[in-house]
Amino acid sequence: LKDEDLLKSVQRYLSFFHTIRLSITQVDEMLVRVYDPILWRSLNVANAYIRRNAIKQFAGVFPLVDNHWSKSQIDQELKKELELLIEIHDDKHPIVRKEALLLTSKIITLFYDIIPTRILRILIS
């Protein structure tokens, strides 16, 4: 989404699902189905504002995994998401890099224990 007001409305609506995903396992599956086709594409579009807004959405759903997946599938998805996080730090547009740094700070704070040491070093440096 490029429109900031529309993004805020969508975030307000989806925040309920982000909140209950820890207590209702089917919500994770639904969020993966909703976000998977849109989020990864939005992080790679030419428009910097859309990339920034996609990062904001990514912050609300990290880690975007389905509880029904096997441990290896979850590990593979986490690796993909963390590598994407590293990539967006090198974005050419400052508003995207700023949002990437905010997201990184949030993820490190909340999920320090599941991030491999090698990736932590890269994210912190």
Side-chain angles (χ1 to χ4, degrees):
L1 298 172
K2 183 179 177 183
D3 182 5
E4 192 73 25
D5 292 332
L6 180 59
L7 175 68
K8 287 179 183 178
S9 296
V10 169
Q11 284 177 325
R12 260 194 311 276
Y13 175 75
L14 292 173
S15 68
F16 169 74
F17 296 103
H18 299 172
T19 305
I20 65 169
R21 74 186 242 189
L22 299 174
S23 57
I24 303 174
T25 58
Q26 292 86 357
V27 174
D28 270 339
E29 180 183 349
M30 181 203 65
L31 288 174
V32 169
R33 277 193 319 231
V34 168
Y35 279 112
D36 203 41
I38 300 166
L39 187 61
W40 310 126
R41 251 183 305 170
S42 297
L43 288 166
N44 292 307
V45 297
N47 188 306
Y49 294 99
I50 292 175
R51 289 195 312 273
R52 179 199 61 195
N53 292 342
I55 293 169
K56 287 181 179 184
Q57 285 301 113
F58 185 40
V61 296
F62 183 88
L64 186 58
V65 295
D66 186 341
N67 287 332
H68 296 100
W69 289 348
S70 69
K71 180 170 176 12
S72 65
Q73 285 176 301
I74 291 173
D75 288 344
Q76 185 177 4
E77 185 63 25
L78 280 174
K79 181 180 180 214
K80 175 183 134 188
E81 291 176 19
L82 290 168
E83 287 174 354
L84 176 69
L85 185 59
I86 292 168
E87 285 177 31
I88 59 177
H89 280 225
D90 294 329
D91 195 277
K92 63 184 175 194
H93 206 285
I95 64 166
V96 176
R97 288 194 308 267
K98 175 188 169 202
E99 205 60 47
L101 290 172
L102 293 172
L103 173 61
T104 300
S105 300
K106 177 183 177 185
I107 288 174
I108 289 174
T109 302
L110 296 174
F111 302 102
Y112 181 82
D113 53 335
I114 66 168
I115 302 174
T117 307
R118 177 187 69 78
I119 293 180
L120 266 176
R121 283 189 189 124
I122 294 169
L123 290 173
I124 292 173
S125 62

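Quick caveat: nothing in here was measured; it's all calculated off a predicted structure.
Taking Asp36 as the reference, Trp40 meet the side-chain hydrogen bond (donor to acceptor under 3.5 Å, both in side chains) condition, with sequence neighbours excluded. With sequence neighbours left out, the salt bridge (Lys or Arg N to Asp or Glu O under 4.0 Å) criterion links Lys79 to Glu83.
No single ILVMFWY cluster, assembled from side-chain heavy atoms under 4.5 Å apart, contains both Ile108 and Leu101. Hydrophobic cluster membership is shared by Ile74 and Met30, with clusters built from Ile, Leu, Val, Met, Phe, Trp and Tyr side chains linked at under 4.5 angstrom. Note on Val34: it clusters hydrophobically with Leu6, by side-chain heavy-atom contacts below 4.5 Å among ILVMFWY residues.
Note: Tyr112 OH to Leu110 CG = 14.0 Å, rounded to the nearest 0.5 Å. Rounding to the nearest 0.5 Å places CG of Leu85 at 3.5 Å from OG1 of Thr104. Distance check: Leu103 CG to Phe58 CZ gives 6.0 Å after rounding to the nearest 0.5 Å. The CD1 atom of Ile88 sits 12.0 Å away from atom CZ of Arg97, with the distance rounded to the nearest 0.5 Å. Taking CD1 of Ile107 as the reference point, atom CG of Leu82 lies at 7.0 Å (rounded to 0.5 Å). Note that CG of Leu102 is 9.5 Å distant from CD1 of Ile55, once rounded to the nearest 0.5 Å.
In this structure the side chain of Val32 reaches within 4.5 angstrom of the side chain of Trp69, judged on heavy atoms. By the 4.5 Å heavy-atom criterion applied to side chains, Asn53 and Lys56 are counted as neighbours. By the 4.5 Å heavy-atom criterion applied to side chains, Lys71 and Asp75 are counted as neighbours.
In terms of modelled atom types and a separation under 3.5 Å, the side chain of Glu81 and the main chain of Leu78 share no donor-acceptor contact.
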Do any side-chain atoms of residues 118-125 form donor-acceptor pairs under 3.5 angstrom with protein atoms, and if so which ones, sequence neighbours left out?
unit_1 : atom_1 : unit_2 : atom_2 : d
Ser125 : OG     : Arg121 : O      : 3.0
Ser125 : OG     : Ile122 : O      : 3.2

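For Ala48 against Val96, the heavy-atom pair with the smallest separation is O-CG2, 3.3 Å. Closest non-hydrogen pair, Arg51 versus Leu43, comes out as CD-O, 3.4 Å. The two residues Ile95 and Arg52 have their closest heavy-atom pair at O-CG, 3.9 Å.
Side-chain N/O atoms of His93 and Asp91 include no donor and acceptor closer than 3.5 Å.
The environment of Lys80 atom NZ is dense: over 12 non-hydrogen atoms of other residues, nucleotides or ligands sit within 6.0 angstrom.
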